[in-house]
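Here's the structure, in structure tokens; my notes come after.
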Number of protein chains: 2
Amino acid sequence: MARLPLYLRALSALSERGVPTVSSEELAAAAGVNSAKLRKDLSYLGSYGTRGVGYDVEYLVYQISRELGLTQDWPVAIIGIGNLGHALANYGGFASRGFRVAALLDADRAVAGQRIAGMVVRHMDDLEQIVRDDHVSIGVITTPAPAAQGVCDRLVAAGITSILNFAPTVLSVPEGVDVRKVDLSIELQILAFHEQRKSAVDPAAPDLPAAAQPAASPAGGPAGDLPEVMPA
Amino acid sequence: MARLPLYLRALSALSERGVPTVSSEELAAAAGVNSAKLRKDLSYLGSYGTRGVGYDVEYLVYQISRELGLTQDWPVAIIGIGNLGHALANYGGFASRGFRVAALLDADRAVAGQRIAGMVVRHMDDLEQIVRDDHVSIGVITTPAPAAQGVCDRLVAAGITSILNFAPTVLSVPEGVDVRKVDLSIELQILAFHEQRKSAVDPAAPDLPAAAQPAASPAGGPAGDLPEVMPA
DNA sequence: AGGCTTTTGTGAACGTGTGCACAAAGCTGA
DNA sequence: TCAGCTTTGTGCACACGTTCACAAAAGCCT
């Protein structure tokens, strides 16, 4: 389940405060979910609670860590050392939970060779060798969108089956390869959508702005030209 | 719907290539979804397709942009100018679609005053004033986790009702405020989970490691001490 | 020892989202 | 004008995730 990491984080916080046991109600509140859902999720791992008492925090932390595979470490390669790749390389959150940044790669030979976060950036040419030698199991793509699919293909060909994609593209991968995507502009657009709904009292935008009539569409127009219609 | 931004991106790409119309089948493939689902999503906006032909690309781009509220621009404030905040400030993906970084803020007076991405970083003390004067409608939290809830509360008090949270915490907000979260380590943990499942042939970790027996738990232990059990 | 309280684990109802399949609609060409 | 082809829009069934509600279990207090 995709909620286990959330529970794990809440449990870790409790653990640091020295709390020995926690009820499903408390833990659910901390994770922001329904308590019945939480119990069902945990029961999927086995019966690790004690009725009338709750769950043993330390024990549950271990069980979830094990289920998530965090008892081993996962070497991660970051491909594309631009703004975001740079930030991720320096991000402390990786190492804290079983993830280790094993390699940084970039297609630009001016970037390759630089030291970032204590590591030397390698060139894309070495991708296959690095993946093999360092047993990299997870690839993080932080390249520009046009390069993402090509990088993805090379990662898959090199044997990687888990990819975290920050590039704003839909990656196509063969069966058996997991891709998760993080897309900032999509998140913002969803927020904008809801924000607009809240202030829906304003005069609604016209359904058929002259600039966007479907009839006689310019067809070949080099586009990018969003109609600049700005409702009042 | 949360898929509209995906469609919009695919449509924009088609638009740039000068494609005049597109069928639900093609667009669905580009967005990586089922064609029936796509048609249903689009029909929710109204009947903008032509049977036997497909959808007019430019027209649909406009309709979706309007639905998402992208025909107006949304001033965004980034709070917490660390690695990630720095990267986001320089990220071009914001401006490209109706979003404008209106302000950068940080609690550290050594950071406030610096110029980043052509803007002067302001101090947190000015948050309320900045939100009011610049009509900021979306707050992006890139602070460390412990500071996130406090920042969130101040944003909400200042009148912001949409928050994009990068800090690894569950934010609690009053009714009517939308929070979306982007959590790198959760994404990685989900990948690790599936990765472990794939290689599930390895000798399973023990169910009851001595280090994590629930009986006689150390209780007050200052935790953070994940059992260091590493199966084999 | 036995009843009372607390809390888990889960059966069952509910709601939502997904995908199939097909009729209606529009275009094209003769 | 009309037949035939293409593609949308949607009714329907299904599967999944969510939530309620409660019985069984465990601890505690008298």
Side-chain angles (χ1 to χ4, degrees), chain A residues 1-7 10-11 14 19-61 63-64 67 170 186 190 193-194 197 207-208 213-217 219, chain B residues 1-7 10-11 14 19-64 67 170 186 190 193-194 197 207 213-217 219:
Chain A
M1 289 290 184
R3 282 182 299 269
L4 287 180
L6 220 59
Y7 304 155
L11 284 166
L14 290 171
V19 177
T21 62
V22 64
S23 73
S24 63
E25 204 74 44
E26 296 169 290
L27 185 53
V33 301
N34 182 293
S35 69
K37 193 187 331 192
L38 179 132
R39 286 199 298 276
K40 204 154 253 179
D41 288 345
L42 294 186
S43 77
Y44 170 77
L45 307 183
S47 288
Y48 294 135
T50 306
R51 296 175 190 228
V53 176
Y55 299 89
D56 182 272
V57 172
E58 298 295 327
Y59 186 59
L60 201 49
V61 164
Q63 289 297 343
I64 294 181
E67 181 73 12
V170 177
I186 283 188
I190 294 172
F193 171 75
H194 289 119
R197 288 260 148 148
D207 253 19
L208 294 171
Q213 285 287 5
S217 88
Chain B
M1 289 290 185
R3 282 184 298 270
L4 287 180
L6 220 59
Y7 304 154
L11 283 165
L14 291 170
V19 178
T21 62
V22 64
S23 73
S24 63
E25 205 74 45
E26 297 169 289
L27 185 53
V33 301
N34 182 293
S35 69
K37 193 185 333 192
L38 179 133
R39 286 199 299 276
K40 207 156 255 180
D41 287 345
L42 293 186
S43 76
Y44 170 76
L45 307 183
S47 288
Y48 295 136
T50 308
R51 297 175 190 229
V53 177
Y55 299 89
D56 182 273
V57 172
E58 298 294 328
Y59 186 59
L60 200 50
V61 163
Y62 170 74
Q63 289 298 343
I64 294 180
E67 182 73 12
V170 177
I186 283 189
I190 294 172
F193 171 75
H194 289 118
R197 287 262 148 146
D207 253 18
Q213 285 287 6
S217 87

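Just so we're on the same page: letters track the sequence lines, and every chain starts at 1.
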> Reading nucleotides 13-19 of chain D 5' to 3', which nucleotides get B (base under 4.0 Å from a protein heavy atom), which S (sugar-phosphate only), which -?
Replying inline: -----SB
If you look only at distance, which donor and acceptor atoms sit under 3.5 Å apart when one is on a side chain in residues 25-35 of chain A and the other is two or more places apart or in another chain?
unit_1: E26(A); atom_1: OE1; unit_2: S23(A); atom_2: N; d: 2.9
unit_1: E26(A); atom_1: OE1; unit_2: S23(A); atom_2: OG; d: 3.2
unit_1: N34(A); atom_1: OD1; unit_2: A36(A); atom_2: N; d: 2.6
unit_1: N34(A); atom_1: OD1; unit_2: K37(A); atom_2: N; d: 3.4

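- Rounded to whole Å, atom C1' of dT10(C) lies 14 Å from atom CG of L42(A).
- D56(B) has its CG atom 15 Å from the C1' atom of dC27(C), to the nearest Å.
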Every protein N/O within reach of nucleotides 1-7 of chain C N/O, cut-off under 3.5 Å:
unit_1: dT7(C); atom_1: O4'; unit_2: G52(A); atom_2: N; d: 3.0

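- Residue S35(B) is classed as having no contact, given no heavy-atom separation below 4.0 Å to the nucleic acid.
- Rounding to whole angstrom units, OH of residue Y48(B) and C1' of dT7(D) are separated by 19 Å.
- Atom CG of L6(A) sits about 4.5 Å away from atom CD1 of I186(B), to the nearest 0.5 Å.
- Atom OH in Y7(B) sits about 15 Å away from atom C1' in dT8(D), given to the nearest Å.
- Of all non-hydrogen atoms in F193(A) and E67(B), the two that sit nearest each other are CD1-O, 3.3 Å.
- When every heavy atom of L11(B) is checked against every heavy atom of V57(B), the shortest pair comes out as O-CG1, 3.6 Å.
- Using a 4.5 Å heavy-atom cutoff, the side chains of D56(B) and T50(B) are not in contact.
- Using a 4.5 Å heavy-atom threshold, the side chains of Y7(B) and L38(B) count as touching.
- For Y48(B) and Y59(B), the ring centers are positioned less than 6.0 Å apart.
- Between P5(B) and I190(A) the shortest side-chain heavy-atom distance falls below 4.5 Å.
- Atom CG in L27(B) sits roughly 14 Å away from atom C1' in dT7(D) (whole-Å rounding).
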